[in-house]
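Here's the structure, in structure tokens; my notes come after.
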Amino acid sequence: MKRLEQMYEGKAKILYHTDDPDLAIQYFKDDASAFNGIKKGSIVDKGIVNNHISSAIFKFLEANGAPTHFVDRPSDREMVVKKLEIIPIEVVLRNVVAGSLAKRTGLPEGQELKQPILEFYYKSDPLGDPMINEYHIAEFGWATDDEVALLKSQGFKINELMVEFFKKRGIRLVDFKLEFGRHKGEVLLGDEISPDGCRLWDWETGEKMDKDRFRFNLGNVEEKYQEVYQLICGDPG
Ligand code: UDP
């Protein structure tokens with residue numbers, strides 16, 4: 001597999017063409033951003049940690065019936081993926097009140113939800129990813145009704161699988177964001193799943209182990225990312 005010219009550079013990753021027209025390489029950077037790009041910085045070795053965590057989770061999801069774009073992880077910072085036509089919708093799953101849900105409802109952060117909540121946001125940096133619903137998606141043609149049904153069923157299924165996955169490793173999965181895309185007529189989970197796009201709390205202490213440490217200058221950012229990495233990818237002994 002040969003890495004060819006750059007397709008796209010995002011905030012945390014660079015996407016490259018390869019000599020296979022159906023495949024791309026995602027290169028994971030250490031760059032970090034928050035609050036729609038207002039806060040910028042970098043987290044040492046984040047690219048390596050996120051690539052390994054993401055690859056492990058994609059393999060786990062694939063094995064449990066949730067198709068993803070993951071193909072291979074040929075190096076520490078590279079992931080071979082199926083090329084996707086991205087659906088411009090961010091799917092957020094929540095199990096515990098935090099972040100924008102706490103702000104919107106006034107409910108205390110940490111309150112357990114009776115059942116998971118799924119939300120849609122329109123993927124648009126200039127607009128700051130506004131929240132949308134199924135009527136907006138249909139009206140503006142961002143996805144078909146069948147695709148929306150799939151985003152919901154896959155979203156809840158992935159949430160259920162991931163809650164268990166993290167629980168076994170002593171981590172509470174509070175909320176997270178998913179992105180999907182089309183590949184040869186199939187809808188696949190894309191992007192990455194890492195502490196950049198998930199809220200992960202230590203099951204015992206409640207300590208934050210995710211990008212909120214960077215967002216709110218809580219310190220020990222690298223240490224907590226490494227801890228998640230060890231809990232997911234480390235040698236279980
Ligand atoms: N999230 C993300 N990218 C975004 C928006 C949200 O990865 O552009 C993730 C975020 O890390 C959290 C979940 O989605 O795990 C829910 O985020 P929320 O709506 O609370 O927004 P926030 O307050 O984090 O911006």
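What you are looking at is a predicted structure, and each value in this text was computed from that prediction instead of being measured.
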- prompt: Rounded to the nearest 0.5 Å, how far apart are NZ of K224 and CG of D212?
  reply: 13.5 Å
message: Donor-acceptor check, side chain of K82 to backbone of R182, threshold 3.5 angstrom: yes or no?
response: no
query: Would a distance-only check, ignoring hydrogens and angles, find a side-chain to backbone donor-acceptor pair under 3.5 Å from E147 to T144?
result: yes
field: Euclidean distance, K211 NZ relative to F216 CZ, rounded to 0.5 Å
entry: 11.0 Å
field: E192 and K177 ion-paired at < 4.0 Å
entry: no
message: Between the side chains of K29 and E9, is the shortest nitrogen-to-carboxylate-oxygen separation below 4.0 Å, so that they form an ion pair?
response: yes
field: Reference residue N95; test side chain to side chain contact (heavy atoms under 4.5 Å, CB included); the match among L173, D175, V174
entry: L173
message: I'd like to know if the side chain of D210 pairs up with that of Y225 as donor and acceptor (distance under 3.5 Å, no hydrogens or angles considered).
response: no
- prompt: Has the side chain of N64 got a donor or acceptor atom that lies under 3.5 Å from a matching backbone atom of F60?
  reply: yes
field: OG-CZ distance between S75 and R3, expressed to the nearest 0.5 angstrom
entry: 8.0 Å
- request: Measure from the side-chain N and O atoms of Q26 to the backbone N and O of D191, and report whether any donor-acceptor pair falls under 3.5 Å.
  value: yes
- prompt: Name the one of D196, N159, V91 that satisfies side chain to side chain contact (heavy atoms under 4.5 Å, CB included) with F176?
  reply: N159
query: Regarding R169 and the six-membered ring of F165, is the cationic atom NZ or CZ under 6.0 Å from the ring centre and inside 45° of its axis?
result: yes
- request: Run the salt-bridge test on E179 and K123 with the 4.0 Å N-O cut-off and return the result as yes or no.
  value: yes
- prompt: Hey, are D125 and K11 close enough for a salt bridge, meaning a charged N less than 4.0 Å from a carboxylate O?
  reply: yes
query: Counting N and O atoms only, with roles assigned by atom type, does the side chain of S194 sit under 3.5 Å from a partner on the main chain of S54, one being a donor and the other an acceptor?
result: no
field: Charged tip of K13 within 45° of Y27 ring normal and under 6.0 Å
entry: no
- request: Could you tell me whether a side-chain N or O of D19 sits under 3.5 Å from a main-chain N or O of K2, the two making a donor and an acceptor?
  value: yes
